[in-house]
Amino acid sequence: MQTIIEKLTENAQLIYRKSIDADATIAKLQSSGKGKFQAIFPENAGFTASGRFFKPYVEELAMDIASLSQLDSDEQKQALPKVVKKIELLLTTLNQFQVSVKD
C-alpha cells in the first residue's frame with residue numbers, strides 16, 4: 001500500500017503544478033469578464049470543496065492522500081477508490097481546460 005500512496009502523491013504533485021497554471025489562467029479570464037462560473041465541479045462530483053479555482057480541490061486531494069497512511073488496511077481499501085476518482089477528475093478536467101484555453 002505504501003507504493004500506491006507514493007504513486008498517488010506523485011499524481012497529486014503533477015495536478016498541483018497544472019492547477020497553478022490553470023488558476024492563473026482562470027484569474028486572467030475572470031478579470032477580463034470571462035469565466036463566470038461558480039465552481040469547477042458540480043456538488044455531486046465527490047469533492048466536499050467548492051470554488052472557482054482548482055486550489056481547494058487540490059488541497060482536499062492532498063489531505064485525502066495524507067490521511068490514507070493513517071488508516072488501517074480495510075479503511076484504506078474503502079477510501080482508495082474515492083481518491084483515485086478525484087485524481088482522475090482533476091487530471092481530466094485540467095487537461096480539457098488546457099486544450100480549451102489554447103484554442
Side-chain angles (χ1 to χ4, degrees):
M1 188 55 129
Q2 188 58 37
T3 304
I4 293 171
I5 293 172
E6 288 171 10
K7 292 294 181 189
L8 294 173
T9 302
E10 289 173 17
N11 281 306
Q13 290 169 345
L14 172 67
I15 289 168
Y16 173 74
R17 288 190 293 273
K18 287 182 175 221
S19 72
I20 290 172
D21 294 338
D23 284 351
T25 302
I26 292 170
K28 286 180 194 174
L29 289 170
Q30 289 179 348
S31 69
S32 65
K34 299 175 185 171
K36 296 183 180 189
F37 52 88
Q38 294 301 313
I40 303 267
F41 296 106
E43 289 181 21
N44 63 352
F47 289 93
T48 55
S50 182
R52 297 183 305 180
F53 295 96
F54 284 96
K55 183 179 180 182
Y57 302 102
V58 175
E59 289 174 344
E60 180 178 326
L61 174 64
M63 288 189 295
D64 289 350
I65 293 170
S67 69
L68 276 178
S69 61
Q70 299 171 3
L71 301 174
D72 67 38
S73 182
D74 289 337
E75 291 172 325
Q76 286 175 335
K77 289 175 185 171
Q78 288 179 349
L80 191 59
K82 293 176 187 175
V83 173
V84 171
K85 181 167 175 53
K86 288 179 182 183
I87 288 173
E88 182 181 354
L89 278 170
L90 280 165
L91 281 174
T92 302
T93 305
L94 282 163
N95 288 334
Q96 289 173 343
F97 180 75
Q98 286 177 325
V99 169
S100 68
V101 172
K102 288 181 183 177
D103 294 339

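Leu61 is not listed as a side-chain neighbour of Asn11, based on a closest heavy-atom distance of 4.5 Å or more. The shortest side-chain heavy-atom distance between Ile15 and Lys18 does not fall under the 4.5 Å cut-off. In this structure, the side chains of Ile40 and Phe97 stay at 4.5 Å or more apart for every pair of heavy atoms. Side-chain atoms of Gln13 and Thr9, non-hydrogen and from C-beta on, do get closer than 4.5 Å to each other. Side-chain contact check for Val84 versus Leu8: some heavy-atom pair is nearer than 4.5 Å. Side-chain contact between Thr93 and Tyr57: absent, with no pair of heavy atoms (C-beta onward) separated by less than 4.5 Å.
No continuous path of hydrophobic side-chain contacts links Phe47 to Met63 [ILVMFWY only; heavy atoms under 4.5 Å].
Atom CD1 of Ile20 sits about 13.5 Å away from atom CZ of Phe53, to the nearest 0.5 Å. Residue Glu60 holds its CD atom at 9.0 Å from CG of Leu90, rounded to the nearest 0.5 Å. Here the CD atom belonging to Gln98 is positioned 7.0 Å from the CG atom belonging to Asp21, to the nearest 0.5 angstrom.
Partners of Ser69 according to the side-chain contact (heavy atoms from CB on, under 4.5 Å) rule, which considers only residues two or more places apart in sequence or in another chain, are Ile5. Shown here are the side-chain contact (heavy atoms from CB on, under 4.5 Å) partners of Ala79, two or more places apart in sequence or in another chain: Leu68, Leu71.
Of all heavy-atom pairs between Ser50 and Ala39, the closest is OG-CB, 3.6 Å. The minimum heavy-atom distance between Ile65 and Ala12, with the atom names listed, is CD1-CB, 3.7 Å. Contact record, Gly51 with Pro56: CA-CG, 4.4 Å, taken as the closest heavy-atom pair. Heavy-atom minimum distance, Ile26 versus Arg52: CG2-O, 3.6 Å. Between Gln30 and Phe37, the shortest heavy-atom distance links the atoms NE2-CZ, 4.1 Å.
The neighbour count for Glu88 CD, taken as heavy atoms of other residues, nucleotides or ligands under 6.0 Å away, does not exceed 12.
Applying the salt bridge (Lys or Arg N to Asp or Glu O under 4.0 Å) rule to pairs touching residues 72-83 yields nothing, sequence neighbours excluded.
Between Phe54 and Phe41, the ring planes are perpendicular. Angles over 60° get that label, and only those under 30° would be called parallel.
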